[in-house]
2 protein chains.
Amino acid sequence: MLSHESPECQERCSRIFLVLCYGEVMNASRTARERVRAELTREITDIARRHLATDGAPGLSLRAVAREMGMVSSAIYRYFPSRDDLLTALIIDGYNALGEAVEDADAVCPRDDFTGRWLAVCRAVREWALARPHEYALLYGSPVPGYQAPEDTVVAAIRDTVVYGRIISEAYAAGALTPPGGTPAPPAAFAGDAAIVRELMPGVPDDVVAQALVAWTGLFGWVSFELFGQFNNAILNRATAFDHLMRRHAALLGMPA
Amino acid sequence: MLSHESPECQERCSRIFLVLCYGEVMNASRTARERVRAELTREITDIARRHLATDGAPGLSLRAVAREMGMVSSAIYRYFPSRDDLLTALIIDGYNALGEAVEDADAVCPRDDFTGRWLAVCRAVREWALARPHEYALLYGSPVPGYQAPEDTVVAAIRDTVVYGRIISEAYAAGALTPPGGTPAPPAAFAGDAAIVRELMPGVPDDVVAQALVAWTGLFGWVSFELFGQFNNAILNRATAFDHLMRRHAALLGMPA
DNA sequence: CTCATGAGAGAGCATTGCTCTCGCAAAGGA
DNA sequence: TCCTTTGCGAGAGCAATGCTCTCTCATGAG
């Protein structure tokens with residue numbers, strides 16, 4: 001008999017959860033049934049992701065996915081209890097894909113080229129978003145109304161932020177950050193939140209944390225503006241402008257040119 | 001007979017367009033029929049805006065609006081040819097409301113307190129958004145898939161930006177901008193876009209234009225992050241953090257503390 | 001007074017998310 | 001090996017949506 005605390009049960013539950021919510025299998029599942037279930041779950045999310053890419057989240061229809069799989073619509077509910085759960089799986093996948101893209105972009109840079117690493121991260125975010133606008137919109141656009149982000153999305157959601165925080169932290173530790181003066185000192189009431197954010201960039205003082213937030217919100221603010229049409233008829237040579245603004249952010253963080 | 005170029009026709013067409021798309025009447029309409037039509041159009045958009053506020057854009061249903069008006073659903077189509085057109089009207093209304101809030105916030109500040117004016121604009125945007133998250137999401141979140149912003153939304157969409165540009169322009173003209181050094185010079189390829197953006201902030205050099213874009217994207221990047229849940233469990237004392245970051249943006253623009 | 005125009009009512013179509021029941025087949029225990 | 005539990009696909013069905021079409025009637029212009 002399995003107790004709920006037994007490693008077996010935990011392992012089984014977590015695998016089921018992964019199959020259900022992530023549409024992924026870790027490796028060979030135990031039984032044949034579980035294997036085909038994982039296969040079909042993955043197929044559903046793949047088709048759904050394709051529909052999402054072409055039609056956007058509001059146009060994602062469970063019935064259309066079922067049709068493409070040659071299933072009847074009600075059968076999909078064996079795999080995802082609701083449309084929102086399918087969307088949640090896509091969201092988690094999306095965060096992981098973006099996080100991986102950011103990790104890869106950072107990984108190929110020389111470790112001590114902090115400006116280069118930051119720029120690589122910025123470009124990775126932008127290019128990932130431009131290649132999959134609807135998926136980006138699902139992650140960083142308006143949240144779907146009924147949707148409550150499960151706690152589990154959080155770990156995936158901050159993968160890119162973790163990379164960013166490491167760059168800042170390492171740059172500061174290496175003494176490579178000499179920010180320009182003239183900026184106001186963070187107020188005392190900011191200390192608490194700075195401490196939370198500092199978990200992502202250990203050892204960094206409050207004013208660098210604040211400036212890091214400026215850069216991070218600036219990056220996603222730009223990408224969202226560009227993708228959601230706010231730059232129409234206003235900014236044409238977008239790659240150039242983006243690049244310059246991100247270099248500017250690096251300089252304002254005190255990174256070397 | 002009215003030619004299409006006659007002032008009468010143009011006036012009539014533009015009024016019809018306003019009623020159709022803006023849900024507003026300029027003043028007393030000509031005939032009684034037109035007056036009641038304008039009244040009903042306004043009532044539809046009012047109810048729709050209320051539904052939008054509570055349920056979000058995807059939950060906005062033409063039939064529900066019709067039901068609340070005591071009409072049958074098909075009758076709504078006499079006023080808005082499709083759901084998207086109703087949404088367009090709400091978008092334009094939203095841009096105008098936000099623009100007006102920003103204008104009002106700026107108007108009560110001393111003209112030469114540029115830092116104060118910028119902070120007032122920032123707070124106005126954030127507070128407007130926090131008070132109507134769904135409406136903000138409609139403006140700055142993921143665009144609805146089928147939706148193509150008509151040219152007409154543009155004038156409303158940049159009302160807030162116009163205020164912002166004026167602050168920058170006047171601050172620069174007053175010699176009140178002394179930005180910190182150390183930022184990279186804008187590349188030559190940026191000049192074209194800088195010229196376009198400069199129409200909103202006449203007389204300002206390219207590097208100030210670039211920094212102005214940094215601040216503007218930072219403002220909306222923050223507000224979107226805060227509203228769309230990206231700060232959950234990360235930043236708690238949000239008003240404080242927001243205020244400090246916007247002060248920081250002011251300082252980086254070279255505004256006096 | 002006549003007649004064209006505008007507008008609401010109603011039925012209807014295709015589509016959606018989701019539920020329920022039914023029946024079959026595979027997995028697992030005795 | 002047999003029997004039972006479990007999982008899963010099929011199908012019908014419900015309520016709701018956006019949108020179209022036709023019918024009818026009142027209003028307003030000539």
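In this text the structure is predicted, and so the values were computed from the model without any measurement. Every chain is numbered from 1 and lettered A, B, ... according to where its sequence line falls, protein lines coming before strand lines.
Between the side chains of A:Ser82 and A:Asp85, at least one donor N or O sits under 3.5 Å from an acceptor N or O. Side chain to side chain, B:Asp243 and B:Thr240 fail the donor-acceptor criterion of an N or O pair below 3.5 Å. Residues B:Ser142 and A:Tyr136 bring no donor and acceptor atom of their side chains to less than 3.5 Å of each other.
Rounded to an integer number of Å, the gap from CE of B:Met69 to C1' of C:dA7 is 13 Å. In this structure, A:Ile76 places its CD1 atom 9 Å from P of D:dG9, rounding to the nearest Å. If you take CD of A:Glu39 and P of D:dC8, they are 14 Å apart, rounded to a whole angstrom. Residue B:Asp84 contributes atom CG, which lies 17 Å from atom P of D:dT17 at whole-angstrom precision. Taking atom CE of B:Met71 as the reference point, atom P of C:dG10 lies 13 Å away to the nearest angstrom. D:dC8 atom P lies 15 Å from atom CD of A:Glu43, rounded to whole Å. Straight-line distance from the CZ atom of A:Phe80 to the P atom of D:dC8: 13 Å, rounded to whole Å. Here the C1' atom of nucleotide D:dA29 and the CD atom of B:Glu34 are 13 Å apart, to the nearest Å.
Contact check, B:Tyr77 against D:dC21: no side-chain N or O comes under 4.0 Å of OP1 or OP2. At the phosphate of D:dG7, neither OP1 nor OP2 sits under 4.0 Å from any side-chain N or O atom of A:Tyr79.
One finds the CD1 atom of B:Ile47 at 13.5 Å from the CG atom of B:Leu52 (value rounded to the nearest 0.5 Å). In this structure, CG in B:Asn233 is found 8.5 Å from CD1 in A:Ile196, a value given to the nearest 0.5 Å.
Between B:Met246 and B:Gly218 the shortest heavy-atom distance is CE-O, 4.2 Å. Of all non-hydrogen atoms in B:Phe225 and A:Thr217, the two that sit nearest each other are CD2-CG2, 4.1 Å.
Residue-to-nucleotide contacts include a donor-acceptor pair under 3.5 Å from the side chain of B:Arg78 to the base of C:dG8. A:Arg37 contributes no side-chain N or O that forms a donor-acceptor pair with the base of D:dG7 under 3.5 Å. The base of D:dG9 does not come close enough to the side chain of A:Ser74 for any donor and acceptor atom to sit less than 3.5 Å apart.
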Please write out the pairs of protein N or O atoms and N or O atoms of nucleotides 25-30 of chain C separated by less than 3.5 Å, giving the distance to one decimal.
none

What's touching nucleotides 12-16 of chain C from the protein side, N or O pairs under 3.5 Å?
residue : atom : partner : partner atom : Å
C:dT16  : OP1  : A:Ser61 : OG           : 3.2
C:dT16  : OP2  : A:Arg67 : NH2          : 2.6

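Using a 4.5 Å cut-off on side-chain heavy atoms (C-beta onward), A:Tyr95 and A:Tyr140 make contact. Between B:Trp118 and B:His249 the shortest side-chain heavy-atom distance falls below 4.5 Å.
Residue A:Leu40 is in sugar-phosphate contact alone, with no base atom involved, counting any heavy-atom pair closer than 4.0 Å across all strands shown.
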